[in-house]
Amino acid sequence: MSKSKKSIFDSPLLSSKVKSAKPKLFPEGILGYFAGPTLALIANAFLASYLNKYLTDIFGITAWAALFNTLLPVVSVILVVIGNIVVGKLMDKSKFKAGKARPLILFSLPASLIALVMLFIVTPLASATSDSGTQVLACVLLAVGYNLWFAVAYPLYFTPHSSLVNLSTRNGKDRSLLATLSNACNLASIGLCTMIVPFFLGFLFVDKGGVIDTAASYNAFKVFSIVLIAITAVGAIIEYYFTRERVTEERFALASRDNSEQGEQKSITTKEQWKICRKDKFWLIIIVFFFLYQLGGMMKNVSQLYFCTSWFKGADGTYSTANGGAFSGTLAIVGAIPTALGMVIAWPLSNKIGKGKAIILGAILSIIGGGIGLLVPFVPENSQFAISIVSFAVKALGTTPAMYLSIALLGDVMDHQEALYGKRTDGLSMTIYGAIMAGMTGIATGILNLILQISNYDPNHPETMQTPMLWIFVGAETICYVLIALLFIFMRVEKYSKCDHKAIEEDQKAVCAARGIPYVSSEERLALEEANSNKEAEEARVKELKAKCEKQGLSFEAEEKKYQDALAIKLKAKEEKEAAAKAKKDAKEKAFADKLAASPELKAKLEAKKAKQEEREKKVEEEFLKLREATLSERASALQ
C-alpha cells in the first residue's frame, strides 16, 4: 500500500460532500465555488476598500505617521511574497487525500480571526494629539495585524482557493464553468463591499458637526470586525466541504495503486518548477498578465471612494465621505450590471473563439471605457457623474473575460507544462499568483498613500484631490489594459489543449506499464467512485427509512413503495426530457443534412472549411510533437 500517512482529513467528518465524478453546477459550483468563497473573501474586500480610509480619516495617520502609512503596505509586500512561497511549498508537500489545497483553507481561519482582532479591536485609537507611546503602540499593532492578514491568513486561504479550479478537473469546459463561478465570487465580495457598504458609511465614519467623530467611528469598526470574523469562518467552511480536487485524487490514486516504494508520489521541488516555468513563454505571459490585471484593478478599487468623495458633491452641496460613499455605491451598482452580463457571456464566448481572444476583445473595450472616463474634467459639473457611470460600465463589461477566464487559462498553461515535462507547477504558479493578488493591494495602497502625502490630503477638504484621483481611478487601469491587449496577441496555448490531454494520458499509461499495474482512466475511476457513492447513499437511505418506520410504527414496505413511485415519476420525466432533446437534435441534424444535399455549393464550402481545420490541427500536432520530443530528451537526460 502507499505510505501516505493517515490524517484527520481522512475522517468521514472532514470528507468532501461532493461525490460526483464531474463538476456540477449544484452543489459544487454554487456552494463550493461561489457562495462559500464570496463570504470568505468579504473581509479582504473590505480591508482593500476601507482599511486605508479607516487609517487616514479616523486615525488621521497622514498627519503624524505619513511615512509609516506609505511604507507599511509597500514593505509588507516582501512578507506577502514570503508567505505565498511558504503556502506554495506546503501545497507541494501535501499528501492529504483531501487534497493539496482544501485543508489549508481551514488552517487559514485562526490567523484570520487574530488578524482582524488586532487591526480593529486591540489596536488603540491614536491621533496627532496622542502621546508618543500610544502612537508607537498603535503603529506596531497595526503593522503586526496588517502582515498577519496579508502575509499569513490571506495567502493560507487565497492561494489554495485559487488552485481549486485547476485541481478540480481536466475538462476544459467544466474548468471554464468553475473558473467563471470562482472569479464571480471575487466580484461578488468586492461588489458587496462597494455597492452596499458605501450607503452605510455614515455608521462607520460618524459625522459630527461636519467633521468625523473619530471615537464613535473607532467603536463602530470594532463591532463590524466581529461580523467580518463570523462571515469569513462560515464561508471558508462551506468552500472546504463543497469542493473536490479530482486532479490531485487522480495522481494520488495512481501512486497508491503501486505497492512498492517507488509508488509513492514524489513532490516536485520549487527549483524544478522554476526551471520549467522560466522556459515557458505562455507561463511568463499569463504571470505578467496577472500583474497588470491586478495592478490596474487594485489602483481602481483602493481609490474609488477617494475619487467619488473628491469629485461629487452631496445634496447638501458639500464634499464628504458619507456623500462620496453614496456616489461610490451607485457607481458600483451600475457597474455590476454589465459585469453580471459578462459572467453570462464570457463562458460561451470563450468556447466559441477561445479564452485568449475573448480577453483581448475585453481589453479593447476597457480601453474605450477608460478613454471616456478621462473626459470627466472637460464636461459640465452636472454631467460628470453620468460620464463616470458610462465609463465605469463599459470598463466593467470589458474586464469580465479577464476576470472570469484567466484562471482557466492558467490551468491550460499548466496542463501544457505537464504534457511537455511530465510535472505540474501548481505550487509555484499559484504561489506567484497569490503573491500578486495579495501583494498588489499593498503596492496600490502605497502608491495611493504617497500621492495623498505629496498632495497634503485633508479628509475634511477632499475636493483638492480631483486630478490625482482621476488618474489613479481611471487612468491606471486603462494603461494596464493597453499593455494586456498587446501582450495577449502572443497567448496561443489553447491550440495545444487536445495534444496536451492526449500526451498526459499516454504518460500515465506508460507509468502503469512500467509498474506492471493496469491503467484506469480518470473518467473510469471517477465514474466508479460516483457509482459506489450512490450505492452507499441508497443503503443509508434505506437504513434511515427503516429506523424511521420502526420508531413511528409505519410500514416500511408502504413507505418504500411511495418513495419508489415518486422516483419512477421523476425518472420518467427525465427520460421524456432527454428523448425530446434527442428528437430535437436529430431533427436539426436531418434538416442540416437535407440542406447540404440540396446545396452542393454549401457542402463543398463546408468540406473545404473542414479540410482547412484539419490542416491547421495537423500543423499544431507537428509543432507539439517537436516540443514534446525536445522536452522528453531533457527529461531523459535528467534521469541519467
Side-chain angles (χ1 to χ4, degrees), residues 46-80 115 118-120 122-151 201 204-206 210-215 217-218 221 295 298-311 319-321 324-325 438-473 475-476:
F46 181 83
L47 293 179
S49 299
Y50 303 109
L51 178 60
N52 202 66
K53 193 73 171 172
Y54 171 74
L55 296 178
T56 59
D57 290 19
I58 295 177
F59 279 67
I61 203 165
T62 53
W64 55 274
L67 183 61
F68 167 82
N69 194 44
T70 300
L71 293 180
L72 173 62
V74 177
V75 174
S76 295
V77 171
I78 298 172
L79 296 179
V80 170
M118 290 195 70
L119 284 171
F120 297 111
V122 174
T123 300
L125 177 61
S127 66
T129 58
S130 299
D131 61 84
S132 59
T134 301
Q135 291 177 343
V136 170
L137 179 61
C139 287
V140 170
L141 291 176
L142 285 171
V144 173
Y146 184 95
N147 284 289
L148 185 57
W149 178 270
F150 287 106
L201 287 180
L204 292 176
F205 295 91
V206 182
V211 297
I212 294 174
D213 186 333
T214 57
S217 301
Y218 173 73
F221 267 87
L295 175 61
M298 290 313 303
M299 291 297 293
K300 177 183 69 178
N301 290 346
V302 300
S303 63
Q304 181 168 328
L305 183 56
Y306 288 94
F307 170 79
C308 291
T309 302
S310 65
W311 273 96
Y319 296 96
S320 68
T321 298
M440 209 55 68
T441 301
I443 292 176
T445 303
I447 295 172
L448 172 65
N449 287 339
L450 180 61
I451 298 299
L452 293 176
Q453 181 182 349
I454 293 173
S455 305
N456 295 316
Y457 171 69
D458 181 353
N460 294 312
H461 295 284
E463 65 275 11
T464 60
M465 301 296 297
Q466 289 185 345
T467 299
M469 287 306 106
L470 176 68
W471 280 98
I472 293 178
F473 180 68

Practice item. Quick one: closest heavy-atom pair of Ile58 and Ser217, and the distance? Key: CD1-CB, 3.4 Å

Review point. How long is the gap from CG on Leu201 to OG1 on Thr321, to the nearest 0.5 Å?
Key: 7.5 Å

Review point. Atom CG in Leu448, atom OG1 in Thr56: separation rounded to 0.5 Å?
Key: 8.0 Å

Review point. Quick one: side chain to side chain contact (heavy atoms under 4.5 Å, CB included) partners of Ile78, sequence neighbours excluded?
Key: Ile82

Review point. Would a distance-only check, ignoring hydrogens and angles, find a side-chain to backbone donor-acceptor pair under 3.5 Å from Ser310 to Phe307?
Key: yes

Revision key, fill the gap. Contacts satisfying ring pair (Phe, Tyr, Trp, His ring centres under 6.0 Å) that involve residues 448-471 (not counting sequence neighbours) are Tyr306-Tyr457

Practice item. Would you please name every residue forming a side chain to side chain contact (heavy atoms under 4.5 Å, CB included) with Leu71, sequence neighbours left out? Key: Leu67, Val75

Cut-off 3.5 Å, no hydrogens considered: what does the side-chain donor-acceptor table look like for residues 438-446, sequence neighbours left out?
{"residue": "Thr445", "atom": "OG1", "partner": "Thr441", "partner atom": "O", "Å": "2.7"}

Review point. Can the ring centres of Tyr50 and Tyr54 be said to be less than 6.0 Å apart?
Key: no

**Study point:** Nearest atoms (heavy-atom pairs only) where Phe59 meets Ala138
**Key:** CE2-CB, 4.5 Å

Revision key, fill the gap. For Ile212 and Asp57, the nearest pair of non-hydrogen atoms, with its separation, is CD1-CB, 3.6 Å

Point to revise | Partners passing side chain to side chain contact (heavy atoms under 4.5 Å, CB included) against Ala143 (at least two apart in sequence or in another chain) | key: Phe68, Leu72

**Study point:** Pairing residues for Tyr146 by the ring-ring contact (aromatic ring centres under 6.0 Å, His included) criterion, not counting sequence neighbours
**Key:** Phe150

